[in-house]
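Notes to accompany the following structure.
As the structure is a computational prediction, the values presented were derived from the model and not from experiment. Reminder, nothing fancy here: chain letters follow the sequence lines and each chain counts from 1.
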Number of protein chains: 2
Amino acid sequence: MTITDFLKDLVDFSEAELEDILSHFQKEIVSKSQPLVKQGQVCRKLYYVEKGIGRNYYLNSDGKEITQLFFGEGRFMTSLESFFEESPSLYNVEMLEDAEIHSISKNELELLFEKYHKMERLGRLLSTEMLTKVVHKLNAIQFQTAKERYEYMLTEYPDIIYRVPLGMIASYLGMSQETLSRIRKKKIRD
Amino acid sequence: MTITDFLKDLVDFSEAELEDILSHFQKEIVSKSQPLVKQGQVCRKLYYVEKGIGRNYYLNSDGKEITQLFFGEGRFMTSLESFFEESPSLYNVEMLEDAEIHSISKNELELLFEKYHKMERLGRLLSTEMLTKVVHKLNAIQFQTAKERYEYMLTEYPDIIYRVPLGMIASYLGMSQETLSRIRKKKIRD
DNA sequence: GGATTCTTTTGACCTATATCAAAAAACGAT
DNA sequence: ATCGTTTTTTGATATAGGTCAAAAGAATCC
């Protein structure tokens, strides 16, 4: 879904508003694995994923990559706490495939929030959407068995699960790659 | 912190705006454990906690209470996904002490969002604040040991940790009460 | 199209944390 | 203060899922 359609769907902007808003976004073609945000930097951009899948991840104390969130097509992506709190990012952000994204800086976004009531509304809706998404994940992680978490992933992100490496999904679900491999194997048998 | 001060701090409303907005909130004195939202109901109210501590929790398949979030003084509280998605609540919501809260219905809130650009901004700020809070918790839960999660709780919610029963904190942190008890004991020794 | 690198699977073993059960301590109401 | 209830602690035991290491399978590249 193009960013234009996406914005229109969420809030009924006039053509003029929409044009103005879109003019503040920059289209970027980024290649797989190219870092968009690095752990430790303040992330000052918000991205819309038009094509591709993004993720944010961090390196734990053993140097292992832990994926925190995936961002599919038609989603806004950023290093959440860093962007909102202007704090050093806990995460790296990258695309997992060659991708087309649209970026806007925090400053410009703030200006748009000031300028348009409807834009502020858009911001609120995106925030709450992201919030419910994270709450769902928290539910899944907190008290479910590894198998149940995998099943959650299957229903919640069927599009993503077959497009990204197993190890990333395992870390996203809070389990080791070996465990996920074994669960998946068992699943196929039943 | 009173709701009036809280709102003023976040967005610079005029006196008239503030008065109008506050007139849509209802002050409620609720007693400890009185259910505000029940699992399965759609939660259509947002609460501001002026005095007391609230939580939402659910009963898992074994009938055990699992606390998902605490809401301290000066926080907005609701059953997040239920309120935003108008879906049946996964959680019960209650106060853990006799409390003073201020409630507003979703409808009235929406009207205020329509009416005031600044109100929409307030909604966005609250949403993002809640979002970063949940992201922090997710970080803590996903890949930390039980001990590390307890330490996270100590720094993030020092006010709450000594005011609510151990079992609730344990379930909030995704561990058994016994484990938390043992961790705490060890901590005291060092 | 074979060599190289990356990803997934499999097996053996280990550990953090769960569970169960019961004692001890703290709390609350009379 | 005392009885009953709730909460916390402690000990013994069980297990889900982790770690390590190596093999098997895919993907990528000159």
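- In this model, a donor atom of one side chain and an acceptor atom of the other lie less than 3.5 Å apart for B:K137 and B:Q68.
- The separation between A:L96 atom CG and C:dT7 atom C1' is 14 Å, rounded to whole Å.
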| request: Applying side-chain hydrogen bond (donor to acceptor under 3.5 Å, both in side chains), run through A:S127 and B:R124 and close with a yes or a no. | output: CA-CA 7 Å; A:S127 249; B:R124 179 172 61 78; over 6 Å; no
So which protein N/O to nucleotides 27-30 of chain D N/O distances come out below 3.5 Å?
none

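- Rounded to whole angstrom, the span from the CD atom of B:E65 across to the P atom of D:dT6 amounts to 12 Å.
- Going from atom CG of A:L173 over to atom P of D:dA16 covers 19 Å, rounded to whole Å.
- Using a 4.5 Å cut-off on side-chain heavy atoms (C-beta onward), A:I161 and A:I169 make contact.
- Judged by the 6.0 Å distance and 45° axis criteria, B:R75 is not positioned over the aromatic ring of B:F71.
- B:K45 and B:E28 are joined by a salt bridge, as a carboxylate oxygen and a charged side-chain nitrogen come within less than 4.0 angstrom of each other.
- Ring centers of B:F76 and B:Y47: at least 6.0 Å apart, outside the cut-off.
- Side-chain contact between B:M1 and B:Y48 is present, with heavy atoms from C-beta onward closer than 4.5 Å.
- Look at A:K185 and you'll find a side-chain N or O under 4.0 angstrom from OP1 or OP2 of C:dT10.
- Relative ring orientation between A:Y172 and A:F70 is described as tilted, the plane-to-plane angle lying within the 30° to 60° band.
- Rounded to whole Å, atom C1' of C:dT10 lies 14 Å from atom NZ of A:K186.
- With rounding to whole Å, B:Q142 atom CD is found 15 Å from D:dG17 atom P.
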| Heavy-atom protein contacts under 4.0 Å, nucleotides 16-26 of chain C, coded B base, S sugar-phosphate only, - none | -SSBBB-----
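- Atom P of nucleotide D:dA26 and atom OH of A:Y162 are separated by 16 Å, given to the nearest angstrom.
- Put simply, CZ on A:R163 is 17 Å from P on C:dT7, counting in whole angstrom units.
- Here the C1' atom of nucleotide D:dA24 and the CG atom of A:L166 are 15 Å apart, to the nearest Å.
- Salt-bridge formation is not detected for the pair B:K27/B:E50: no Lys NZ or Arg NE/NH1/NH2 atom is positioned less than 4.0 Å from an Asp or Glu carboxylate oxygen.
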